[in-house]
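The shown structure was predicted, so the numbers you read here are calculated from the model rather than taken from an experiment. Values below: every heavy atom of this structure, side chains too, minus hydrogens, waters and symmetry copies.
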Amino acid sequence: MAVTNLLHWVLQQLILNVRFVNDELDEATRDRMEHRDKQLSWAMAQLLQELEHKSQWQRSKEQTPVALRGLLFAALQHWQFWAVAGILLLLILGLCWCLRRRSHEEDSSSEEDSSSSSSREEEEWEEENEEEEVSEYANDLARHFEEHIQWPDQNLFTECESVRNLVNAFILVARQYLLDSSFPVLEPCFGIGSTHEGWSPYEEDIVYEVLVPLAPPPGHTFLPEPCNLGEMPARSFRIRVELECTCMREQLVGDMLCFVHHDEEELRRHQGPSLLHTLCTGSYLDVQKTACRIHQLVKACWAVMPHSHQWCLTMLPCSRSCKFKVAKPEKQILIEITLGMQQGNSHIFMSSQPSEALFTPSTTWTLSCAVAEATFFELMTRQAPDASFPLRCLQLCARILVGTGFSTYTLKTVVMHLLNTIPLSGWHRTHFLLRLDDIMRYLCHCLEEKRLNHFFFGNEKVPEEIILPPALQGAEPFNLFQHLAQDPDAQAEAMREFMDMQDCLTRMLTYGH
C-alpha cells in the first residue's frame, strides 16, 4: 500500500499543477483539460488496481496473499523501486508538458474553427494518445524486470533442429543396415521434453530427447494390451507380437518367406529369425532388448554417417532408452532416443520411458503425451503475439523448483492450463508480472484443493490440432496431486515449499538470479 499511495500522491500533485498552470484559459478549454486529467487519472488507477488486486481465484486471494503483491512489493523495496519511480515521474512530466502545449494550441485555434465534429475528433485522438502513454509505462515496468533477470544463454531451437536432423540421418542409415532383418521399422523422430519445447531451465548439460516411433516389420503385428485392466484409460501396456501370413507377398514380391507357413530350419537358412526370437520376452516386445539393439545400431551406423568426420561419438549407459554424446573441441551435445508405438493416428504413444512405479518390468510400455505436449507448445507460441514470452515465464518458474519436491512436469501442466484459459493476447511482455502472478496463484489454488488435473485426460478444451485417442478424450480427469489428498503431511510440506518458491521468485526478480 505504501508504494500505491506514493504513486497516487505523485500523480495527483502533477495533475493539480497542470490544472493551475492554465487558469487564464477560457472555460471550454479548462473543461477539456479537466476531462483529459480525469481520463489519465482513471487509466493510472486502473493500472495500479490491476497490479494490486487482479485475481482469477477468489478463494486463493482471501486465504493466501501470494504472488504479485508480495513479489512487486518486495522487489520495489530495493534500488529498483527508485528506477521504476523515476521512469514513472519522467513519463508523467512528459505527458503533462504535452497536455499544456496542446491546450495552448487548442486555445489559439478555437477562434478560427469552432466545428464541434472537429473538436470531438481531437479529443478522441488525445484520449488514445494518453492511453498509449499509460500503456508505455506498463511496458517499461515489465521490461525492467524481465531484462534484469539473468536468462540462460541458449539457442535451443537451432540446436534442436540439428539434433533431429542427426537422428533422422541415423534412421535412414539404420534402415539400410536392417533391410534383411525382422527389426521394428524406425520412423522419423519427434523432438520432446523441455529442450525441444523451448523452455529448458538449464544452461549446461542439456539433454536433447527425441522419440523414435516403431512400426511392426513385415510378417509381424503389434497388439497393445493394458497391464491393469481396471485402469481407465490404461497408462501402461504390454505389446504382444504376433506373426501374420505373408504368402501373398512372397508370391508377388519374393523378398521374404512367410513366418507362419515355413518351418524354422528353412527360415534360418534363407532369412533371419522373427522378432519373437530376438527382441521379445515370451510373446511381448521387450523394452530393454529393443533399446540395447538401438544402442548397437548407433555404434554400427555412426562410422558411415557424415557427422562422424566432425563429431566424436561416446555411448552412455541406459537400460530403457539409448543415450549418447557427440562432441567436438568447442562443444558437446547429449542425446537420448526414446522408443514408442503410436496409438492410431493420434499424438499419444506407448513409450519406453519408465513408469512412476519403483520398478517397471522390461515388457511394460508407458503412456506418453510428450509429443502432444510439444505440439501444444508449438501451437501456442505460433499464435501468441510474443512467441517466446510463454516459454520465458515457464523457464523462469522452473528455475525456482531446485531443492523442492515439485517436478517440472507439475509446473508445465499449470502453464498449459493457463495458456488454454487466458487469451493469447495477454501473453505479452507487458503482462510479465501478471502472468507470473497467475502461475503462482493457480499452483497455490491446486495445492489447497489437493487437485491438479492432467492436461489431456478428459479435457474438452484441448486444441483440435492435437489428436487424442477416444479413450483419453472421454476419460475422467486424472489428478496429479492425488498423493496430497491421501497424505496431509505431504500437503503441508508442499505448502511450505511453495512459500520457499515464492521467496525465491521474489529474490530472482529483485537481484536477477
Show the numbers, then the answer: is there a side-chain contact (heavy atoms from CB on, under 4.5 Å) between Leu424 and Leu419? CA-CA 7 Å; Leu424 289 176; Leu419 278 169; 4.2 Å; yes
Would you confirm whether the ring centroid of His220 sits within less than 6.0 angstrom of the ring centroid of Phe259? yes
Rounding to 0.5 Å, atoms CE (Met380) and CD (Glu378) come to a distance of 10.5 Å
Side chain of Trp365, backbone of Leu285: donor and acceptor closer than 3.5 Å? yes
Distance check, rounded to the nearest 0.5 Å: Lys412 atom NZ versus Phe377 atom CZ? 6.0 Å
Could you grab the distance from atom CD1 of Ile400 to atom CZ of Arg507, nearest 0.5 Å is fine? 10.0 Å
Separation of Lys299 NZ from Cys322 SG (nearest 0.5 Å): 10.5 Å
Can Leu401 and Met501 be said to form a side-chain contact (heavy atoms from CB on, under 4.5 Å), step by step? CA-CA 7 Å; Leu401 297 180; Met501 288 166 53; 3.5 Å; yes
Would you say the side chain of Thr430 lies within less than 4.5 Å of the side chain of Phe389, judging by non-hydrogen atoms? no
Does a side-chain heavy-atom distance below 4.5 Å link Arg382 with Leu379? yes
So, does Asn165 use its side chain to make a donor-acceptor pair with the main chain of Glu161 at under 3.5 Å? yes
Grab the two heavy atoms, one from Ala234 and one from Pro226, that are nearest each other, plus how far apart they are. CB-CB, 3.7 Å
Please list, chain by chain and in numerical order, all residues satisfying side chain to side chain donor-acceptor pair (under 3.5 Å) with His347, sequence neighbours excluded. none
Main-chain N/O of Ser351 paired with Arg320 side-chain donor or acceptor, under 3.5 Å: no
Which heavy atom of Pro390 sits nearest a heavy atom of Ala384, and at what distance? CG-CB, 4.3 Å
Passes side-chain contact (heavy atoms from CB on, under 4.5 Å), Ile333 versus Tyr208? Steps please. CA-CA 8 Å; Ile333 298 177; Tyr208 294 84; 3.6 Å; yes
Mark yes or no for whether Ser362, through its side chain, and Asp286, through its backbone, hold a donor-acceptor pair below 3.5 Å. no
Check: Phe456 ring centre within less than 6.0 Å of Phe376 ring centre: no
Side chain to side chain, Leu297 and Ile294, heavy atoms closer than 4.5 Å: yes
Which label fits His454 and Tyr409: parallel for a plane angle under 30°, tilted from 30 to 60°, or perpendicular past 60°? tilted
Determine all donor-acceptor pairs shorter than 3.5 Å in which one atom belongs to a side chain in residues 457-483; sequence neighbours excluded.
residue : atom : partner : partner atom : Å
Asn459  : OD1  : Lys461  : N            : 2.9
Asn459  : ND2  : Phe455  : O            : 2.9
Asn479  : OD1  : Leu452  : N            : 2.9
Asn479  : OD1  : Phe481  : N            : 2.9
Asn479  : ND2  : Lys450  : O            : 3.1

Rounded to the nearest 0.5 Å, how far does OG of Ser308 lie from CG of Leu313? 9.5 Å
List the atom of Thr221, the atom of Pro216, and the distance in Å for their closest heavy-atom pair. CA-CB, 4.1 Å
Just wondering, do Arg235 and Ser355 contact through their side chains at under 4.5 Å, heavy atoms? no
For side-chain contact (heavy atoms from CB on, under 4.5 Å), just list the numbers for Ile422 and Arg435, CA-CA rounded to whole Å, side-chain angles, deciding distance to a tenth of an Å, and then say yes or no. CA-CA 9 Å; Ile422 299 174; Arg435 295 295 81 83; 3.8 Å; yes
Looking only at heavy atoms, the pair that brings Gly282 and Leu276 closest together is O-CD2, 4.1 Å
What is the minimum heavy-atom distance between Ser352 and Val287, and which atoms define it? CB-CG1, 3.6 Å
So does Arg441 pair up with Asp438, basic N to acidic O under 4.0 Å? no
Distance-only side-chain donor-acceptor flag, Ser236 / Thr364, under 3.5 Å: no
Find out whether Pro184 and Leu279 are in side-chain contact, i.e. whether some heavy atom of one side chain is under 4.5 Å from a heavy atom of the other. yes
Side-chain donor-acceptor contact under 3.5 Å, Thr410 with Thr413: no
Please tell me if the side chains of Cys227 and Arg238 come closer than 4.5 Å, counting only heavy atoms from C-beta onward. yes
Given 3.5 Å as the limit, does a donor-acceptor pair link the side chain of Arg175 with the main chain of Leu186, or not? yes
Residues 335-342, side-chain donor-acceptor partners within the protein, below 3.5 Å, at least two apart:
residue : atom : partner : partner atom : Å
Glu336  : OE2  : Ser321  : OG           : 2.7
Thr338  : OG1  : Glu209  : OE2          : 2.9
Gln342  : NE2  : Ser346  : O            : 2.6

Distance (rounded to the nearest 0.5 Å) between Arg293 CZ and Thr278 OG1: 8.5 Å
Output yes when a side-chain donor or acceptor of Thr195 lies under 3.5 Å from a complementary backbone atom of Val207, and no otherwise. yes
I want to check something: taking the side chain as every heavy atom from C-beta on, are Ile439 and Cys393 in contact at a cut-off of under 4.5 Å? yes
State, with a plain yes or no, whether a side-chain heavy atom of Cys444 is found less than 4.5 Å away from one of Glu448. yes
Partner residues of Glu187 under the side chain to side chain donor-acceptor pair (under 3.5 Å) criterion, sequence neighbours left out: none
Partner set under salt bridge (Lys or Arg N to Asp or Glu O under 4.0 Å) for Arg164, not counting sequence neighbours: none
Would a distance-only check, ignoring hydrogens and angles, find a side-chain to backbone donor-acceptor pair under 3.5 Å from Thr506 to Gln502? yes
Only pairs at least two apart or in different chains count here, so list each ring-ring contact (aromatic ring centres under 6.0 Å, His included) that has a residue in residues 306-344. none
Can you see which heavy atom on Pro213 is nearest to which on Pro188, and at what distance? CD-O, 3.3 Å
Side-chain donor or acceptor of Asp386 paired with backbone N/O of Trp427 under 3.5 Å: no
